[in-house]
> 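Have a look at this one before I ask anything.
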Amino acid sequence: MTVTNTMKRRVMRVVAALAAVACTMSLAACGQDEAGKIRIGIKFDQPGLGFKKSGTYVGFDVDVAKYIAKKLGYSEDEIIWKEAPSKQREAMLQNGDVDMILATYSITDERKKAVSFAGPYFVAGQDLLVRKDDQSINGPEDLNGKRLCSVTGSTSAATVKEKFASEVQLMEQPGYAECATALFSGIVDAVTTDDIILAGLASASRGKLRVVGKPFTQEYYGVGIKKGDTKLATKINNAIADMIQDGSWKKAVADNTAGTDYTPDVRYNPPTPSEGEDA
């Protein structure tokens with residue numbers, strides 16, 4: 001009996017060791033099976049854009065990603081959502097961890113050295129978020145002597161200080177939720193980043209915050225893909241064009257900014273998706 005139990009324990013140890021080796025060799029072997037599915041990177045912490053909520057994913061980026069995936073032949077249950085923090089996006093695409101990324105990912109020449117883009121699917125603009133009853137701030141020029149919050153590592157606040165209000169007081173927080181909390185409590189007078197991100201925060205505030213609505217930069221949001229994949233870029237661009245054409249794009253913007261007065265800058269939206277089709 002003792003010999004039998006000893007053998008069982010040895011077998012279990014061998015099985016456990018083999019499983020550990022399998023996990024190091026293949027993600028699918030010890031987790032989610034990715035065969036026949038599409039892996040999409042999004043933000044998990046941006047209300048209105050990419051937000052993980054009770055095991056589901058919501059936001060404008062999520063809605064656009066679902067539409068694109070459907071056009072590519074994938075149902076919603078064939079999408080594997082992966083968190084794509086800003087600093088990891090290029091590496092995730094280069095390493096093949098995801099097939100595409102929709103995560104307020106601005107198309108820039110510097111990023112195109114490492115990855116390719118389809119799109120754009122939205123043109124955001126840097127704007128300001130203020131308390132709803134504060135009528136003293138109507139643009140970046142009104143921020144002299146005021147306290148302005150932005151996220152650590154962002155250049156948004158520096159842009160305001162350099163170009164519009166040299167006497168603004170800058171405050172950094174690790175995330176936009178923290179900036180919004182500081183705005184609620186009166187620690188700062190405004191928050192700055194892309195307008196659609198601010199609109200998501202305003203929507204989540206239940207009417208306590210508002211977007212000023214005077215964007216002063218342009219950020220072209222693209223779908224990040226592996227460098228040089230022109231065929232995929234063309235398919236994605238066709239899907240975005242269809243989404244705009246059939247009204248789904250407009251509905252997604254409205255749904256994810258509900259309760260605010262936010263409207264995208266009509267000078268640039270909806271955009272014409274043509275990025276990435278040339279090698």
Side-chain angles (χ1 to χ4, degrees), residues 42-54 57-62 83 85-87 103-106 122-219 221 253-265 269:
I42 57 170
K43 292 290 179 70
F44 281 10
D45 60 354
Q46 283 187 343
L49 286 151
F51 194 71
K52 186 176 182 179
K53 182 179 180 182
S54 302
Y57 303 91
V58 295
F60 178 69
D61 284 353
V62 174
E83 186 171 17
S86 295
K87 291 183 179 180
T104 59
Y105 201 5
S106 296
F122 191 83
V123 183
Q126 188 179 338
D127 210 325
L128 301 171
L129 184 71
V130 298
R131 289 180 289 277
K132 189 167 186 179
D133 58 356
D134 185 353
Q135 300 300 320
S136 68
I137 301 174
N138 296 294
E141 305 86 356
D142 297 328
L143 290 170
N144 280 314
K146 304 282 190 179
R147 295 157 298 181
L148 177 65
C149 188
S150 67
V151 170
T152 303
S154 167
T155 59
S156 300
T159 298
V160 172
K161 190 175 182 71
E162 291 168 10
K163 296 185 177 181
F164 300 101
S166 60
E167 296 176 18
V168 67
Q169 300 171 41
L170 303 183
M171 176 183 177
E172 290 189 341
Q173 291 287 344
Y176 293 112
E178 289 85 352
C179 274
T181 299
L183 183 57
F184 275 131
S185 59
I187 296 172
V188 299
D189 302 296
V191 179
T192 188
T193 186
D194 296 350
D195 53 3
I196 193 167
I197 297 175
L198 297 177
L201 293 171
S203 181
S205 78
R206 299 180 180 180
K208 295 178 181 178
L209 303 176
R210 68 178 178 90
V211 181
V212 168
K214 293 183 179 178
F216 45 92
T217 67
Q218 290 81 49
E219 300 291 337
Y221 288 174
V253 172
D255 288 348
N256 290 293
T257 59
T260 74
D261 295 327
Y262 174 76
T263 54
D265 191 332
N269 286 292

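Note: hydrogens, waters and symmetry copies are ignored here, and every other heavy atom, side chains too, is used.
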> Could you state the interatomic distance from OH (Y221) to OH (Y105), rounded to the nearest 0.5 Å?
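It comes to 13.5 Å.
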
> In residues 157-164, what donor-acceptor pairs under 3.5 Å come from side-chain atoms, sequence neighbours left out?
unit_1, atom_1, unit_2, atom_2, d
T159, OG1, T155, O, 3.0
K161, NZ, S166, O, 3.0
K161, NZ, V168, O, 3.0

> So, using side-chain hydrogen bond (donor to acceptor under 3.5 Å, both in side chains) as the criterion, who are the partners of D45 when residues are at least two apart?
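Once residues adjacent in sequence are excluded, D45 has no partner under the side-chain hydrogen bond (donor to acceptor under 3.5 Å, both in side chains) criterion.
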
> For the pair R131 (side chain) and L183 (backbone), establish whether a donor and an acceptor sit closer than 3.5 Å, ignoring hydrogens and angles.
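It does hold such a pair.
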
> Closest heavy-atom contact between V151 and P174?
CG1-O, 3.6 Å

> Could you pull out the closest heavy-atom pair between V211 and A202, with the gap in Å?
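Taking every non-hydrogen atom into account, CG2-CB, 4.3 Å.
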
> Quick one: pull up CD in E172 and OG in S150 and give me the separation to the nearest 0.5 Å.
5.0 Å

> What is the minimum heavy-atom distance between A190 and V130, and which atoms define it?
CB-CG1, 4.0 Å

> Under 3.5 Å, is there a donor-acceptor pair linking the side chains of S205 and K132?
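No donor-acceptor contact under 3.5 Å links the two side chains.
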
> Of the non-hydrogen atoms in T257 and T260, which two are nearest, and what is the gap between them?
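Reported closest heavy-atom pair: O-OG1, 2.7 Å.
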
> If I compare all heavy atoms of E83 with all of F44, which pair ends up nearest, and what's the gap?
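Nearest pair, atom of E83 first, then F44: N-CZ, 3.3 Å.
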
> Heavy-atom distance under 4.5 Å between the side chains of D261 and R210, does that happen here?
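Sidechains of R210 and D261: no contact.
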
> Could you check S203 against Y262 for side chain to side chain contact (heavy atoms under 4.5 Å, CB included), going step by step and ending with a plain yes or no?
CA-CA 9 Å; S203 181; Y262 174 76; over 6 Å; no

> For the CZ atom of F60 and the CD1 atom of I197, what is their distance to the nearest 0.5 Å?
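So the gap between those two atoms works out to 12.5 Å.
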
> T217 and E219: side chain to side chain contact (heavy atoms under 4.5 Å, CB included), yes or no, with the steps?
CA-CA 7 Å; T217 67; E219 300 291 337; 4.2 Å; yes

> May I have the step-by-step check of side chain to side chain contact (heavy atoms under 4.5 Å, CB included) for L49 and N256, ending in yes or no?
CA-CA 7 Å; L49 286 151; N256 290 293; over 6 Å; no

> P47 versus K53: any side-chain heavy-atom pair under 4.5 Å?
no

> Could you pull out the closest heavy-atom pair between Q173 and C149, with the gap in Å?
CG-SG, 3.5 Å

> What is the distance from atom CD of Q126 to atom OG1 of T193, rounded to the nearest 0.5 Å?
7.0 Å

> When you measure from the side chain of D194 to the backbone N and O of I196, does any donor-acceptor pair fall under 3.5 Å?
no

> Applying ring-ring contact (aromatic ring centres under 6.0 Å, His included) to F51 and Y57, what does each step give before you reach the verdict?
CA-CA 6 Å; F51 194 71; Y57 303 91; 9.8 Å; no

> Listed by chain and number, what are the side-chain hydrogen bond (donor to acceptor under 3.5 Å, both in side chains) partners of D189, not counting sequence neighbours?
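Result, side-chain hydrogen bond (donor to acceptor under 3.5 Å, both in side chains) vs D189: R147.
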
> Passes side chain to side chain contact (heavy atoms under 4.5 Å, CB included), L128 versus V191? Steps please.
CA-CA 6 Å; L128 301 171; V191 179; over 6 Å; no

> Working to the nearest 0.5 Å, report the span between OG1 of T192 and CG of L198.
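T192 atom OG1 to L198 atom CG measures 6.5 Å (nearest 0.5 Å).
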
> Judged by atom type as modelled, is there a donor-acceptor pair below 3.5 Å linking the side chain of N269 to the main-chain atoms of P264?
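Answer holds: no.
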
> Can you measure from CG (D127) to NZ (K214) and round to the nearest 0.5 angstrom?
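The CG atom of D127 sits 10.0 Å away from the NZ atom of K214.
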
